[in-house]
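Data block below; observations after.
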Amino acid sequence: MLDFLGNLQRTHYCGALRSSDDSREVILMGWVARRRDLGNLLFLDLRDRSGIVQVVFNKETQPQAHAKAEQLRSEFVVAVEGKVIKRQKSNPELATGEIEVIAQKLHLLNTAKTPPFQIEDDTNAAEETRLRYRYLDLRRPKSHANLALRHKIIFEIRKVMDEMGFLEIETPMLTRSTPEGARDYLVPSRVHHGKFYALPQSPQIFKQILMIGGLDRYFQIVKCFRDEDLRADRQPEFTQLDVEMSFPRQEDIFHVIESVMVRACAVAGIKAEAPFPHMLYKDAVRKYGSDKPDMRFGMELHEVTDCFPQEAKDKLQIAGSVFALAAPGAASYSRKQLDELTEKAKSAGARGAYFVKLSPEGPTSTVEKLIGAENVKKLAEACGAKTGDLVVAVSAKQEIKGTEAAALVAGQLRLQLGEALNLIDKSQWKFLWLTGFPLFEWSESDKSWVSAQHPFTGIVDEDLEKLESAPWEVRSKGYDLVLNGVELGSGSIRIHRQDVQERLFKALGLSEELLRRRFGFFLDALTYGTPPHGGIALGMDRVVMLLAGEKSIREVVAFAKTTAAVDLMAESPSEVDNDQLDQLGIAIKDE
RNA sequence: GGGGACGUAGUUCAGUUGGUUAGAACGCUGCCCUGUCACGGCAGAGGUCGCGGGUUCGAGUCCCGUCGUCCCCGCCA
């Protein structure tokens with residue numbers, strides 16, 4: 001029943017045919033997207049990577065081909081020999097709608113079981129089904145478009161990096177556990193029982209050693225691995241654009257990344273303007289309640305702690321500061337909507353949410369009795385609220401040392417309200433550099449100061465002397481790149497002096513012995529003439545996700561894992577044979 | 001680890017206060033049809049109501065547990 005491919009050679013892609021191909025003899029190959037059988041006349045929508053074209057089988061003129069076409073079902077694989085003709089009535093929905101192909105000969109190359117869901121862009125199949133049958137999901141034109149865009153962006157980035165004199169250099173996948181924050185994926189060693197390689201969380205130390213090795217400008221588009229819980233924008237393995245350069249000023253690195261992003265955007269048909277604006281971390285937190293502010297809309301936060309007298313604070317159990325924002329046009333919010341906002345605020349870590357409605361008759365507030373009419377007015381003015389607006393103020397359940405907890409809560413409400421009130425202009429592409437991060441973060445679980453980024457992050461020169469005396473005031477030479485409220489990547493000017501690196505390790509409370517054991521080799525390398533250097537890493541999956549207009553990176557990853565880190569198609573992770581475990585000297589503990 | 005939503009035909013969903021034989025659309029199968037393009041018409045098949053236990057005369061529906069998917073917090077740049 002099936003035909004061999006034999007010497008048959010495809011002449012054209014389905015989606016490429018146009019009216020200029022009129023009268024051309026073609027051989028097409030692809031999948032049956034749809035079949036419309038009118039009896040003695042049969043239409044076939046033939047699909048390949050490039051698109052869809054209509055093929056016509058006429059019983060009267062080509063009885064053999066027509067008879068064969070009647071056997072076709074969805075997703076059968078065929079080759080069609082035929083002739084392109086202009087249609088009498090064109091179909092404007094289709095790129096190839098001006099023409100169709102009159103089939104002369106049909107070759108059935110393969111059959112297909114009925115697919116569990118229809119192969120079409122606006123599929124409403126559950127993601128679980130799509131991941132299990134990923135090979136079918138990948139046939140959707142939208143999947144092709146996303147993966148093609150991903151390829152084009154990455155191809156363009158390689159070009160830009162090459163033009164700027166960067167060398168792409170590979171670093172090991174089987175390496176050692178690194179001192180960064182995330183949990184490592186471990187690979188047991190067969191040759192050395194009881195010892196493990198770690199898959200890289202990033203090539204951090206290797207790229208710094210490449211700078212010590214005098215390579216000057218390095219980049220790599222590389223898989224990284226982190227064994228942490230997943231999110232819509234987080235997979236356990238992901239792709240980074242990793243960059244490092246020697247003798248850089250911060251602005252040199254910014255310039256490189258801006259060039260990359262402007263060109264990557266252009267590939268996606270988006271016009272981005274460089275240079276990107278800068279913002280200090282503390283301003284981002286105070287004005288937007290986030291370390292990755294979405295700059296596509298305003299609705300800035302304002303500290304309004306002063307509007308709450310001590311007595312009111314006691315009653316409302318407000319310990320720290322109060323932050324507020326004015327939601328334009330939300331004065332008409334119902335009691336139910338306010339309750340929902342309060343609920344949202346509480347789940348975001350708020351002690352309470354307090355509202356002021358600016359109706360035409362004057363302001364009314366849920367806390368007027370507690371803070372007084374004067375303070376209600378002051379509160380509204382502080383936020384620049386106008387008639388018709390709703391002022392939302394929040395306090396935090398828990399103050400966290402060195403941060404504005406209330407601002408972070410308010411920042412989440414800002415995003416929620418921005419979305420709900422339709423304030424976000426989706427046609428905007430707002431890049432932002434964040435700088436001025438603190439070097440340390442207080443870790444409640446460790447009861448100590450820990451690196452906010454990784455422990456090779458440079459220290460602002462004039463803050464160096466506070467390293468031991470006032471660690472919370474020390475600023476890092478780190479920076480983040482943010483696009484539309486999504487963190488794309490982060491980097492820093494590194495520590496290149498061995499004495500500074502050792503002081504930092506000491507400040508982090510890492511023992512000499514631990515340091516020697518974990519990265520003695522790196523400390524040694526620092527002593528052999530390390531140039532000042534710095535770099536950055538961008539999450540490519542997120543870049544492509546945003547430029548493709550998708551909400552999840554799974555839409556731009558060909559073979560994605562579920563939130564439980566399972567590949568539903570390959571069924572990994574999986575158990576292994578006892579033989580394999582034996583060779584590795586590993587035994588599985590019973591639960 | 002915690003919170004929330006969901007799980008019924010191949011798929012997407014509906015299913016009332018616990019009550020007789022669990023429905024729809026698309027898809028699928030067969031027949032008819034020469035200008036369809038989400039073709040149309042006629043007929044038909046298709047169900048472990050995620051799984052396990054409990055309450056009850058009776059459970060898709062209520063309760064407990066468990067598994068899976070998604071979103072969020074923790075975690076993670």
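Lettering of chains follows the sequences in order, A, B, ..., and the numbering in each one begins at 1. These values consider heavy atoms only, across backbone and side chains, with no hydrogens, waters or symmetry-generated copies.
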Using the P atom as the point on both nucleotides, what is the distance between B/rU16 and B/rG23, in whole Å? 14 Å

Sequence neighbours excluded, which residues qualify as ring pair (Phe, Tyr, Trp, His ring centres under 6.0 Å) partners of A/F225? none

Side-chain contact, heavy-atom cut-off 4.5 Å: A/L301 with A/K287? no

Please tell me if A/R36 has a side-chain N or O lying less than 4.0 Å from either OP1 or OP2 of B/rU36. no

A/E228 atom CD is separated from B/rA77 atom C1', nearest whole Å, by 11 Å

Kindly say whether, by distance alone, the side chain of A/R234 makes a donor-acceptor pair under 3.5 Å with the base of B/rC75? yes

Considering only NZ, NE, NH1 and NH2 on the basic side and carboxylate oxygens on the acidic side, decide whether A/R132 and A/D137 come within less than 4.0 Å. no

A/R183 side-chain proximity, nearest of B/rC75, B/rC71, B/rU29: B/rC75

Complementary nucleotide of B/rG68, counting Watson-Crick and G-U pairs under 3.5 Å: B/rC6

B/rG27, OP1 or OP2 - any side-chain N/O from A/T114 closer than 4.0 Å? no

Could you check how far CG of A/D37 sits from P of B/rG30, rounded to whole Å? 11 Å

Donor-acceptor contact below 3.5 Å, side chain A/Q235 vs main chain A/K561: yes

Any salt bridge between A/R36 and A/D45, counting N to O under 4.0 Å? yes

With a 4.0 Å cutoff (strictly under), does any side-chain N or O of A/R554 reach OP1 or OP2 of B/rC71? yes

I'd like to know if A/R87 reaches the base of B/rU36 with its side chain, counting only an N/O donor and acceptor under 3.5 Å. yes

Output the single nucleotide from B/rG35, B/rA77, B/rC70 whose closest atom is nearest the side chain of A/Q201. B/rA77

B/rC62 - base-pair partner by Watson-Crick or wobble geometry, distances under 3.5 Å: B/rG54

Could you tell me the separation between the CD atom of A/Q88 and the C1' atom of B/rC37, rounded to a whole number of Å? 15 Å

Do the side chain of A/R140 and the main chain of A/I119 share a donor and acceptor less than 3.5 angstrom apart? no

Kindly point out which of B/rC72, B/rG27, B/rU34 is positioned nearest to the side chain of A/L41? B/rU34

P gap between B/rG27 and B/rC37, integer Å: 13 Å

Taking only side-chain N and O atoms of A/R231, does any of them lie within less than 4.0 angstrom of OP1 or OP2 on B/rC73? yes

Quote, to the nearest angstrom, the C1' distance that separates B/rG15 from B/rU61. 9 Å

Indicate, with a heavy-atom threshold strictly under 4.0 Å, whether A/A564 touches base, sugar-phosphate, or nothing. sugar-phosphate

Hits for side chain to side chain contact (heavy atoms under 4.5 Å, CB included) against A/E343, two or more places apart or cross-chain, chain-then-number order -> none

Would you measure the distance from the C1' atom in B/rC72 across to the matching atom in B/rA14 and give it in whole Å? 29 Å

Can you check the A/Q412 CD to B/rG4 P distance for me, whole Å? 18 Å

Nearest to the A/D229 side chain among B/rC75, B/rU69, B/rC76, which nucleotide is it? B/rC75

Grab the CE-C1' distance between A/M569 and B/rU69 for me, whole Å please. 17 Å

Check side chain to side chain contact (heavy atoms under 4.5 Å, CB included) between A/T111 and all other residues, then give those that pass, not counting sequence neighbours. A/L2, A/F76, A/L108

Pairing partner of B/rU17, by Watson-Crick or G-U wobble and under 3.5 Å for both distances, is none

Sidechain-backbone polar pair: A/D541 side chain, A/F238 backbone, donor-acceptor under 3.5 Å: no

On RNA chain B, check which nucleotide each of A/A232 and A/S490 is closest to and give me the residue with the more 5' one. A/A232

Check every strand shown and say whether A/D480 touches a base, only sugar-phosphate, or nothing at a heavy-atom separation below 4.0 Å. nothing

Can you tell me if A/R49 has over 12 outside heavy atoms packed within less than 6.0 Å of its CZ? no

Using atom P of each nucleotide, how far apart are B/rU8 and B/rG50 to the nearest Å? 6 Å

Nearest to the side chain of A/S74, heavy atoms from C-beta on, is which of B/rG1, B/rG10, B/rC28? B/rC28

Please walk me through it: do A/R554 and A/E127 pass salt bridge (charged side-chain N to carboxylate O under 4.0 Å, His left out)? CA-CA 10 Å; A/R554 292 187 297 270; A/E127 196 168 0; 2.5 Å; yes

A/L42 CG to B/rC33 P, in whole Å, measures 13 Å

Report the residue (A/S552 or A/E441) whose heavy-atom-nearest nucleotide on RNA chain B is the more 5′ of the two. A/S552

Going by atom types only, do A/W433 and A/E251 share a side-chain donor-acceptor pair under 3.5 Å? no

Can you confirm whether more than 12 heavy atoms, excluding those of A/F196, are under 6.0 Å from its CZ atom? yes

Between B/rC37, B/rG35, B/rU69, spot the one nearest the side chain of A/F43, thanks. B/rG35

Look through every strand shown and name the nucleotide pairing with B/rC49 as Watson-Crick or G-U wobble, where both distances are under 3.5 Å. none

Between the base of B/rG68 and the side chain of A/R132, is there a donor and acceptor pair under 3.5 angstrom? no

Sugar-phosphate only, base, or nothing, as touched by A/E343 at under 4.0 Å among non-hydrogen atoms: nothing

Looking at the base of B/rC37, is there any donor atom on it, or on the side chain of A/N91, that sits under 3.5 Å from an acceptor on the other one? yes

Whether A/E487 and A/K292 form a salt bridge (side-chain N of Lys/Arg under 4.0 Å from carboxylate O of Asp/Glu) is what I want to check. no

Counting the atoms with a prime plus P, OP1 and OP2 as sugar-phosphate, which does A/A452 contact under 4.0 Å by heavy atoms, base, sugar-phosphate, or nothing? base

Identified pairing partner of B/rU11, criterion: Watson-Crick or G-U wobble below 3.5 Å: B/rA25

Neighbours of RNA chain B within residues 138-145 of chain A, by heavy-atom distance under 4.0 Å: none

Hey, can you pull the residues of residues 46-65 of chain A with a non-hydrogen atom under 4.0 angstrom from RNA chain B? A/Q54, A/N58, A/E60

Using the P atom in both, what is the distance from B/rG18 to B/rC75, to the nearest Å? 43 Å

In residues 120-130 of chain A, which residues come under 4.0 Å of RNA chain B by heavy atom? A/N124, A/A125, A/A126, A/E127, A/E128, A/T129

Does B/rU34 have a Watson-Crick or wobble partner in any strand here, with both distances under 3.5 angstrom, and which is it? none

B/rG52 and B/rG46: how far apart are their P atoms, nearest whole angstrom? 23 Å

Could you work out the separation of B/rC28 and B/rG10 based on their P atoms and round it to a whole Å? 15 Å

Are more than 12 heavy atoms from other residues, nucleotides or ligands located less than 6.0 Å from atom CD of A/E98? no

Given A/E75, which of A/R35, A/R47, A/R34 fulfils the salt bridge (charged side-chain N to carboxylate O under 4.0 Å, His left out) condition? A/R47

